[in-house]
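Have a look at the structure below, then the notes.
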Amino acid sequence: MSDSATSPIVPGSQAPHARPILWLIALVAVGLSLFQLYSAGIEPLGLFYQRSIHLALIMMLAFLMFPVFGPHHRRGVVGGIIDLAFFAGALITGGYLVLYLDDIFNRAGFWNQTDIVVGCIATVTVLEASRRAVGLGMTVIGILALLYAFAGPRGELPWLGQFLPGIMEHRGYNLDRVVGQLYLGQEGIFGLPMGVAATYIFIFVLFGAFLEITGAGKFFIDLAYAATGRQRGGPAKAAVIASAGMGSISGSAIANVVTTGAFTIPLMKRLGFKPAQAGGIEAAASTGGQIMPPLMGAGAFLIAEYTQMPYLEVVKVSVLPAILYFATVYLFVHIIALKQGMQGMPRAELPQMREVMREGWHFLLPLGVLVWLLVMNMSPMRVGYFAVITMLVVAALRFSVWFLFVAPAEGQPVTGKRIGEALWAGLVKLTRGLELGARNAVAVSMACAVAGIIVGVVGLTGLGLKFSAMMLAFSDGNLLLALVMVLLASLVLGMGLPVTASYIVLIVLVGPALSNEFGVPLLIAHLVVFWYSQDSNVTPPIALAGFAGAAIAGSKPMETGFQAWKFAKGLYLIPLFMVFNPEIIVGGPVPVVIWNGLIAILALGAFAAALEGYLFTRMSWPVRLAIVPAIVAVFYPDLRAEIIGAAVMTLAIAGNWLACRREASATAA
């Protein structure tokens, strides 16, 4: 789920930890996962209790996993003292609220000196844990937000206010007010982002960890190869399908690249794809995993909370845009395979669908339970809890069936020793799943904690309204220019923030302007910002998923990043279509929805063909140039323009097909 996870290897595992530290990491991680399971399915806790305990354990884990001087350096005496001090800070951060919550509520804004001191410790501890787990960029933005809150004539740093542009000026706030907002209220560190991370996100991260531990990744990859391996460009198409399957569960583009890409990229290269193309295809497909329901890289939970819409409703309206995105990547792959004359893989080298389903059908049961419970309108946190329990029950049933029926049928002796060994192996795997889930949640939870600092400052200073005014002024009321500004802002933020944090910051700053000033429906505004927040994965100079693909493909990072950018063009076009044709999301008359869906598919297909200069055969430059205004017309919210644009694209595609038929006839003659 974490968009900062860079590999299926447990984050932080490269650090040269001593054995006692490794045991302590495992103990805290397993304890955190068990706490989350308890609060999700057995005894729900109050808002501050849940969030403060979660954050304390997450930060303790962060300081254990990531030494102060970096993951490749030993702690040493100095490093150990520093880490111990911050570890104590994490304990104080959560423990103080748990022990004195009633007293803090009774003071109701009249904080005492201890409250302020602990709040300062908490803020510094959160920023340092974020630096280690997420990266320096996130911490720097958090510090800048704090400095902005203190800048102003009545603030702690009045001189700093002199450097603020006129529209950015504000009165400034003292230490007590800022700390009260960030630590002792519901709009700062323990605000909505942390609430979502401490409830919905963690439990689904844990679910994904159990799927990973039990081999679900290999099942999805084999399933994709069995379905598409014999087609032209089969491994690339398998990468698209496998990334959709894995990404919908893991919600992490980079982890998705290294998980599925380890299998798909070498096969793509063997089939004839250039290394940069292979890495770019995998990066673009893996990025789609973060917009693919049901999890959407934690985005669905945050969108549901911010818009106050049912989680299931967010998932439902996100299905069609996600399908359109993957269809675009799939079509790009198909066109390149046709263009380069590629063939599929031999049947003998591919897994058989029947064998794949026989070995891994049980992975579909927890997913089925998950979807069914969501349809029943159960709380997402409890849905995640029951999905995890279902996963464990299914594993136990498979274990029992093997010992009761399969082993005797194969003539293998079922002894007490073998049963004991199998139970111990199962217990070890269970512990590893609990530990991996907690480790994988560290980055996203810390990103949400610092995002809470930023959101708290935005609320305190009115920065969101100032951004809305600037956005309206710079775009001069033009919605398209406003969307371009959002896209550029997301790219800049994406250089330092993970996707989840980038979305939170952007929606707080520009969301009100899109909804209130430009009239974009609230849900669409959130979806657009969330989609644009993904672009740091595939857009140079910071194309994180592209760089991960380049490492596996052995290609140049920037070249692979540009390939990923090309294949992921749907990431930019589909949000525009959602804005200018909102019926496809918010609903409308059935014929209108069907029409919009059809022209969206047509436009994306024509766009891919025009960009590659090939569909059924090579496409001439005049035809490619004629398709461009036709695509623009389809995006324009006027029925006549849409019909003309769709007609031009249909004629261009039909003409290309006829040209292909003529070439085939000439070759045959």
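Note: hydrogens, waters and symmetry copies are ignored here, and every other heavy atom, side chains too, is used. What you are looking at is a predicted structure, and each value in this text was computed from that prediction instead of being measured.
The main-chain N or O of Val126 is never found under 3.5 Å from a side-chain atom of Ser130 such that the two would form a donor-acceptor pair. Under a 3.5 Å cut-off, the side chain of Ser490 and the backbone N or O of Leu487 do form a donor-acceptor pair.
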Which pairs of donor and acceptor atoms, one on a side chain in residues 355-370, lie under 3.5 Å apart (sequence neighbours left out)?
unit_1	atom_1	unit_2	atom_2	d
Glu355	OE1	Arg358	NH2	3.0
His362	ND1	Arg398	NH1	3.4

Side-chain donor-acceptor pairs of residues 582-596 under 3.5 Å, sequence neighbours excluded:
unit_1	atom_1	unit_2	atom_2	d
Glu583	OE1	Asn596	ND2	3.3
Trp595	NE1	Glu642	OE1	2.9
Asn596	ND2	Val592	O	3.2

Q. Can you check side-chain contact (heavy atoms from CB on, under 4.5 Å) on Leu427 and Trp424, steps first, answer last?
A. CA-CA 5 Å; Leu427 183 62; Trp424 176 253; 4.0 Å; yes
Q: Before giving the answer on ring pair (Phe, Tyr, Trp, His ring centres under 6.0 Å), spell out for Phe567 and Phe332 the whole-Å C-alpha distance, their side-chain angles and the decisive distance to 0.1 Å.
A: CA-CA 7 Å; Phe567 291 122; Phe332 265 118; 5.7 Å; yes
Q. So Leu436 and Ile213, side-chain contact (heavy atoms from CB on, under 4.5 Å) or not? Walk me through it.
A. CA-CA 8 Å; Leu436 181 63; Ile213 284 291; 4.0 Å; yes
Q | Test log, rule side-chain contact (heavy atoms from CB on, under 4.5 Å), inputs Val383 and Tyr200 | A | CA-CA 9 Å; Val383 168; Tyr200 309 146; over 6 Å; no
Q: For the pair Tyr225 and Thr264, evaluate side-chain contact (heavy atoms from CB on, under 4.5 Å) and give the outcome as yes or no after the intermediate values.
A: CA-CA 9 Å; Tyr225 274 116; Thr264 59; 3.5 Å; yes
Q: Evaluate ring pair (Phe, Tyr, Trp, His ring centres under 6.0 Å) for Phe190 paired with Tyr183, printing each intermediate quantity in order.
A: CA-CA 7 Å; Phe190 299 110; Tyr183 180 66; 5.8 Å; yes
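Considering only heavy atoms from C-beta on, Val579 comes within 4.5 Å of Leu483 through its side chain. At a threshold of 4.5 Å between non-hydrogen side-chain atoms, the residues Val510 and Tyr532 do not count as touching. Taking the side chain as every heavy atom from C-beta outward, His526 and Leu302 never approach each other to under 4.5 Å. Leu430 has its side chain within reach of Phe210: a pair of non-hydrogen atoms, C-beta onward, lies under 4.5 Å apart.
Legend: residues meeting salt bridge (charged side-chain N to carboxylate O under 4.0 Å, His left out) with Asp222, ordered by chain and number and at least two apart, are Lys218. For Ser39, the side chain to side chain donor-acceptor pair (under 3.5 Å) test picks out Gln50, with sequence neighbours left out. For His54, the side chain to side chain donor-acceptor pair (under 3.5 Å) partners at least two apart in sequence or on another chain are Gln36, Ser445. Not counting sequence neighbours, Tyr306 has no partner by the side chain to side chain donor-acceptor pair (under 3.5 Å) test.
A salt bridge is defined here as a Lys NZ or Arg NE, NH1 or NH2 lying under 4.0 Å from an Asp or Glu carboxylate O, and Glu435 with Arg432 fails to meet this definition.
Within a 6.0 Å sphere centred on CD of Gln231, other residues, nucleotides and ligands contribute more than 12 heavy atoms.
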